[in-house]
Each structure stands twice: as structure tokens, then as C-alpha cells.
Amino acid sequence: MYQINENYQKLPGSYLFSTIGKKVAAFQEENPDKDIIRLGIGDVTQPIAPAIIEAMHKAVDEMGDAATFRGYAPDLGYEFLRSAIAENDYKARGCDISADEIFVSDGAKSDSGNIQEIFAVTNRIAVCDPVYPVYVDSNVMAGRTGTYDPKTETWSDVIYMPCTAENHFVPEFPKEVPDMIYLCLPNNPTGTTLTKDQLQLWVDYANKNGAVIIYDAAYEAYISEDNVAHSIYECEGAKTCAIELRSFSKNAGFTGVRLGFTVVPKELKCGEVSLHSMWARRHGTKFNGAPYIVQRAGEAVYSPAGKEQLAKQVAYYMNNARTIKEGLKDAGFDVYGGVNAPYIWLKTPDKMTSWEFFDYLLEKANVVGTPGSGFGPSGEGYFRLTAFGNYENTVKALERIKAL
Ligand SMILES: *Cc1c(COP(=O)(O)O)cnc(C)c1O
């Protein structure tokens, strides 16, 4: 009789977005005339930029001609894309990352879930709280997290680093030294980030303690302040302790197109063992490459026209972020984020729980957001609004909130 991977049985239900969906549907049914504005889910709304669409059309035509047809892509990704990434995302920022340290994938969600495979199950992981759920859940599936306590909503073998207004959303070095440290900066859900100097301290800490940092930079394109690093490799010594994950989802609207990459520097070694070789082996064994058409689309992200169009797209969302942040401030809320990320994190008023505020906002303003408690226990009493909606709706939502 076969047995299943029992670790999956340990996973608590992921009720967040399904509960939101159900509550919104029920409200709409009872109030069919109400115009609900959704500032909840972190998906983009602007269409793919013209320079990228043009590159995709061209690649589609190539696939229809025997002379230019492409089959399986190279394991690590096409050279044209990896070179464009190395030049634009790294060399241009003074980071010495070469094309063969870049592994092209179908997105940062898969990479952030898969990367734990090359590490021992006995490693202790540390995560920020609140956190993007993939980091913890993928480690639960691997059997690395111990037992779940539904009361505290925490795992016995996970080290949590609370990020709240009290510590300005800057994780503190934990009492117990972790082996693997997940950092997502700029952060989803809090919309806050660390300065380059603060990040350097984490790099130093990891090098000193023999820990590896899994650095999720999915929101890098939204950084507006000069003292914030776009890549962890801007920090000295990061190449011996950090893996960086990137995505084309938020900077170029590829949430449906699917493209991302992971950087594993050749200098990153556990004793004598190269993590680069391990990830190359894993990638080559379990992944057959991102589509040619999509990799050409990715290349166009770095073309002059692509860059210009995407800068406008990011500016559009960040104008929404400003609108939300200023609007909430005017209405008397305590608000965070929204400067280097498309998320606004607010403190719920009058000591409401995250879900109480969700219901209140839905019923009184017909605006949907995301309860902070859904991202971890330290998210309780907070609430996330996204800047990924359209401008008109964002303005309307804020007018309603101000009128409460
Ligand atoms: C959106 C997001 C990603 C991107 O995932 P893709 O699979 O590339 O679409 C990665 N990490 C975080 C924290 C995100 O919010």
C-alpha cells in the first residue's frame, strides 16, 4: 500500500483569498446595485506594453517557419535573455553577475517554492512575519517546519521575525541562528523595504553565521529611493551567501505570460559544494525551459522602447500608490509602504481586527482589500491595499473611504 507525503496533511487550509472571494460574492448578491472596487489581490491590470507585444508577434511568426523554428530552449535560458538581464539588472548597477549565473524560469513563485529542495531538511528557516505564504508552505511540504500550532498560527521549527510598526518593519536578528533566511524586499505585503545599509547587515550576518539568504526581489522595479538596493548583490559579500529571485510579473505585467529568473553566484558554496551546480542540475532535471516566445518578450523588456513604456506603467501604479497613501493619511489612518512598492499597509482603526476592518470596508465603502492577518500573526491589526487597480477606481475608492 502506498503512502502519501504526510507533510501535505500538516498544511492548514489557505483560506485567505477564498474567504475574501466568498465574502465579496455574498455581499454582491445581497447588494446587486453596489459597485464594488477591488484593491485586494496583487495582480496587475495594465496591458502588456506595445514593444513587448511586437517582440512576441515576431517570435510567433518565427515559430511558424522551419528556418527559424525553435524547439526546447537551453536549460538555463536563451543567451540573448540572460545577457540582457546580466547587463541591465546587474552590470548597470555595479553588480558583478554574469549571464551563466542566471537561470531563466517561468516565474518567482515556482523558484521560491523549489529552491528549498537543494537544502537539507534539517535546516532551520527564518521568515519575516507577515510573509508571502509560499516560503513557509513549500518548506512544510518538504518536512522542514515541525508542528503547527493553530492557536499561535506558527510552526515549531520556523523562526519568525516580526515586522511591525514598532520596529519600522525591519526584521531583527533572531535569538536562534537560522540556516536559511527568506527576505522579500521591497516587501509584499507591507510595502516597506530596507535601506542598502540595513540589508548589508543581513549579508554580513549570513556570511558570519554560515546562513544562506533567499532574496525575493519581485518588486525591485518599484524602488524610488536612492538608498535602497535593487539587488542584494549591491551589498558587499552577497555573492557568498545569497540567491536572488526575480520576476517579470510586477515590472512588466507578465503575471499571465510567465517569466522569471534566479541568480545563483558561482562563489556561493557550502563547504566545497557549489550551489550553482546543484541548482543547474535541479533545473535541468525538472524544468524544460521557459517558452521561446516568452523569452523574446522578456528580452524586449530591456529594449529602449520597452524600458520607456514600462517606466510609465510603473509610474502609473505608483501614482495610484500615492493616491491611496495620501488619501488614507488625510482620512486619519496610520499608513506604511507605497513608496518603494505598489502596496499600502495600514493600521486598522479603533483596534479592529484585520477581518473586522475587511467587513467594515466592504459594507460601508464597498471596497475590497486584504486582511493583514492572512499573511501571518504579526499582520493582525493591519490591512493591505494594492496600487495595481486602475486610477479612476483608486480615486473613487479613496473618496469613499474618506467619507466614512
Ligand atoms: C508576485 C510575487 C512574486 C512573483 O511571482 P511570479 O510567479 O513570478 O508571478 C514573487 N514573490 C512575491 C513576494 C510576489 O508578491
Side-chain angles (χ1 to χ4, degrees), residues 14 16-17 39-46 48 52 77 81 85 89 102-116 125-139 161 163 169 171 181-194 213-223 228 230-232 242-263 283 286-287 289-291 294-295 297-298 301 310 313-314 317-318 321 337-338 340-345 369-370 372 374-376 379 384-389:
S14 173
L16 182 61
F17 288 103
L39 301 179
I41 292 177
D43 198 357
V44 296
T45 53
Q46 293 286 296
I48 303 290
I52 296 166
L81 177 58
I85 293 168
D89 284 327
I102 293 160
F103 298 78
V104 174
S105 73
D106 65 349
K109 188 177 197 173
S110 342
D111 285 347
S112 61
N114 291 331
I115 195 71
Q116 48 76 28
I125 70 160
V127 294
C128 294
D129 171 23
V131 69
Y132 182 59
V134 179
Y135 314 147
V136 175
D137 288 359
S138 57
N139 278 288
M161 305 182 290
C163 294
F169 305 96
I181 302 160
Y182 286 85
L183 293 177
C184 172
L185 299 167
N187 190 257
N188 175 15
T190 67
T192 59
T193 196
L194 266 56
I213 296 176
I214 314 292
Y215 191 76
D216 185 341
Y219 294 96
E220 167 278 328
Y222 292 86
I223 293 170
V228 177
H230 288 249
S231 162
I232 194 165
I243 290 172
E244 180 162 295
L245 314 174
R246 292 273 191 114
S247 167
F248 289 79
S249 286
K250 313 295 161 46
N251 64 330
F254 280 29
T255 51
V257 176
R258 310 303 309 142
L259 191 67
F261 62 90
T262 287
V263 180
H283 212 56
K286 295 198 181 182
F287 185 64
V294 172
Q295 294 197 48
V301 165
L310 292 179
Q313 230 171 56
V314 166
Y317 291 133
M318 288 312 275
N340 297 294
Y343 295 115
I344 282 79
W345 190 242
T370 312
F375 298 99
R384 189 189 77 175
L385 293 174
T386 91
F388 282 135

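When a ligand or atom number is given, it counts from 1 through the structure's own listing order. Worth saying up front: this structure is predicted, and the values here are computed from it rather than measured.
Ring pair Tyr132/Tyr135 is perpendicular by interplanar angle, where above 60° counts as perpendicular and below 30° as parallel.
A ring-centre distance under 6.0 Å is found for Tyr343 and Tyr219.
A heavy-atom cutoff of 4.0 Å around ligand 1 is satisfied by the protein residues Gly107, Ala108, Lys109, Tyr132, Tyr135, Cys184, Asn188, Asp216, Ala218, Tyr219, Ser247, Ser249, Lys250, Arg258.
Applying the side-chain contact (heavy atoms from CB on, under 4.5 Å) test to Ser247 and every residue at least two apart in sequence or in another chain returns Ala108, Ala218, Ser249. Remark: Thr262 engages Asp111 in a side chain to side chain donor-acceptor pair (under 3.5 Å) (not counting sequence neighbours). Residues satisfying the side chain to side chain donor-acceptor pair (under 3.5 Å) test with Tyr222, not counting sequence neighbours, are none.
Side-chain atoms of Arg384 do not come within 3.5 Å of backbone N or O of Ile344 as any donor-acceptor pair.
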